[in-house]
There are 2 protein chains.
Amino acid sequence: MKVSASSSGQILLYIGLLGFALLGLLQRKPSSGYELRKVFTDTPMGTFSDSPGAIYPALRRLEKGKLIRGRVEKTSELRQRKIFRPTSAGFSALSAWLTQPVGRADVVHRINELMLRFAFLDTAAGESATVAFLQSLHAELSSYIPTLKQFLATSVAKMPTSGRLALESGILGYEARLVWASRAIVTYRDKLKSR
Amino acid sequence: MKVSASSSGQILLYIGLLGFALLGLLQRKPSSGYELRKVFTDTPMGTFSDSPGAIYPALRRLEKGKLIRGRVEKTSELRQRKIFRPTSAGFSALSAWLTQPVGRADVVHRINELMLRFAFLDTAAGESATVAFLQSLHAELSSYIPTLKQFLATSVAKMPTSGRLALESGILGYEARLVWASRAIVTYRDKLKSR
DNA sequence: TAGCCCATGTAAGGAGTTACATGATTAG
DNA sequence: CTAATCATGTAACTCCTTACATGGGCTA
């Protein structure tokens, strides 16, 4: 989902994966553009570009779309920085994006986007939404993996060894994620019980 | 690696991941643009776009760069199709791309590209090159995974549960690939021995 | 003869990449 | 005082996306 209707109707606003990543980070902690860049350069978070040529224009798009608002603030340091924080429309847009249903196409083509969504889910949409997400991810993986194995079995004869192994690597990756999803569900269930 | 010098010097030619994917598929089997599209729509191969607006321009770029050559051929069917096949310069470019060293940045940011390279390695560059690739991938993963665990351990306190779990999912994915790489090395060793 | 798959394209638009530019502040 | 880091941006290039266009051949 790349496009979201602005609250005023009419104009369509491009957000993009980078935009949602920024929105999610800002929801967690209001930050300057530079701090956001640092997250991408210094942490294993996603495969997002740390280039100012991507981040600053994306921030301006979000601001023009009224999803975030930036203000120059003095922190404890002398240096001034423009701190961005989501507007209420921004929180809504983020939440809507996070709580979309998980489909087969997401698992096949947009697994990184799914993991990004997950990373923001509990703080932005609550733990029950997180569990729901994990359950639908689990269901989608459970139905997808057999089709991959099917494909492997029927076409193994026509494929070179490396092609076969590459596909097996993909299958192993999905299986690892399936196991992880089960464990993550248990983690949240335990958290809910212990309260 | 997105750019490659043309054999005539001077002009730089953009290839891109899609270009190499096409080149690799053509090396395996000369095909028409439509057949190549079908690979992306019908098989689990990569996350490449099946849109003609991406594939046909990419083919033309490759042809202009003399890495492939298209000829209208009559197959058994009446219908005419333009069949592309790599030139010798195309084989060289593919081989050079495939046999690049595997670095940390590849593992962190371009794991999909690595798997694509692997998928073409044995038919295009031979089995010893494939084993070398797997070994350097294995080494890179072995050194990278501990740093991720380190990061997780030191920042677990500051992260929300979902952030922690998302990172763990990434680690599990890398570990699965590490196990896979070991097994793939054994597979090729066995193949070499049994000859 | 209508509709669907084959097969190849083009056009408009926007986003990301790379590279450059600009200052202020701090460390050595 | 020099260099590195902080902090924010702009410009050119070009690739991809979405959508539309064009026909030939096959099938019901």
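Per chain, numbering begins at 1; letters A, B, ... match sequence-line order. Treat the numbers as computed from the prediction; the structure is a model and nothing was measured.
Contacts of Y144(A) classified as ring pair (Phe, Tyr, Trp, His ring centres under 6.0 Å), with partners at least two apart in sequence or in another chain: Y174(A). By the side chain to side chain donor-acceptor pair (under 3.5 Å) test, E175(A) pairs with K149(A), sequence neighbours left out. Take S182(A) and apply the side chain to side chain donor-acceptor pair (under 3.5 Å) test, not counting sequence neighbours, and it matches H138(A).
For A54(B), the listed nucleotide lying nearest its side chain is dC16(D); candidates were dC16(D), dG9(D), dG9(C). When each of dT18(D), dT8(C), dC16(D) is scored by its nearest atom to the side-chain atoms of Y56(B), the top-ranked nucleotide is dT8(C). In this structure, of dT8(D), dT8(C), dC6(C), it is dT8(D) that holds the atom nearest to the side chain of R81(A).
Rounded to an integer number of Å, the gap from I83(B) CD1 to dC6(C) P is 15 Å. Summarising the geometry, the separation between NZ on K82(B) and P on dT8(C) is reported as 9 Å, rounded to the nearest angstrom. In this structure, I55(B) atom CD1 and dT8(C) atom P are separated by 11 Å, rounded to whole Å. Rounded to a whole Å, the CG atom of L59(B) is 13 Å from the P atom of dC15(D). Rounded to whole Å, atom C1' of dC15(D) lies 13 Å from atom NZ of K64(B). Distance, L36(A) CG to dA7(D) P: 12 Å, rounded to whole Å. Between the C1' atom of dA7(C) and the CG atom of D42(B) lies a distance of 15 Å, rounded to the nearest Å. Spacing between atom NE2 of H109(A) and atom C1' of dT17(D) amounts to 15 Å, rounded to whole angstrom units.
Among pairs with a residue in residues 42-56 of chain A, none fulfils side chain to side chain donor-acceptor pair (under 3.5 Å), at least two apart in sequence or across chains. Legend: salt bridge (charged side-chain N to carboxylate O under 4.0 Å, His left out) pairs involving residues 133-147 of chain B, not counting sequence neighbours, sorted by first then second residue: R104(B)-E140(B).
S49(A) comes within contact range of the sugar-phosphate backbone alone, with a heavy-atom separation under 4.0 Å but no base atom that close.
Residues F48(A) and R37(B) both approach DNA chain C. Their nearest nucleotides, taken by heavy-atom distance, put R37(B) toward the 5′ side.
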Atom pairs under 3.5 Å: protein N/O with N/O of nucleotides 13-15 of chain C:
none

Exercise. For R69(A) and F84(A), run side-chain contact (heavy atoms from CB on, under 4.5 Å): C-alpha distance rounded to whole Å, both residues' side-chain angles, the deciding distance at 0.1 Å, then the answer.
Key: CA-CA 5 Å; R69(A) 194 175 47 231; F84(A) 293 95; over 6 Å; no
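A chain of hydrophobic side-chain contacts below 4.5 Å, direct or via other Ile, Leu, Val, Met, Phe, Trp or Tyr residues, connects L178(B) to W180(B).
The stretch residues 26-35 of chain A touches DNA chain D through S32(A), G33(A), Y34(A), each having a heavy atom within less than 4.0 Å of the strand.
At the phosphate of dC6(C), OP1 or OP2 sits under 4.0 Å from a side-chain N or O atom of K38(B).
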Name the atoms and distances for all side-chain donor-acceptor pairs under 3.5 Å in residues 115-129 of chain A, with sequence neighbours left out.
| from | atom 1 | to | atom 2 | distance (Å) |
| --- | --- | --- | --- | --- |
| R117(A) | NE | W97(A) | O | 3.4 |
| R117(A) | NE | L98(A) | O | 3.4 |
| R117(A) | NH2 | L98(A) | O | 3.0 |
| R117(A) | NH2 | Q100(A) | O | 2.5 |
| D122(A) | OD1 | S162(B) | OG | 2.7 |
| D122(A) | OD2 | Y188(A) | OH | 3.0 |
| D122(A) | OD2 | S162(B) | N | 3.1 |
| T123(A) | OG1 | Q27(A) | NE2 | 3.3 |
| T123(A) | OG1 | F120(A) | O | 3.4 |
| E127(A) | OE1 | R195(A) | NH2 | 3.0 |
| E127(A) | OE2 | K191(A) | NZ | 2.9 |

For residues 150-157 of chain B, which side-chain N or O atoms pair as donor and acceptor with protein atoms under 3.5 Å away, sequence neighbours left out?
| from | atom 1 | to | atom 2 | distance (Å) |
| --- | --- | --- | --- | --- |
| T154(B) | OG1 | Q150(B) | O | 3.3 |
| T154(B) | OG1 | F151(B) | O | 3.2 |
| S155(B) | OG | F151(B) | O | 2.5 |

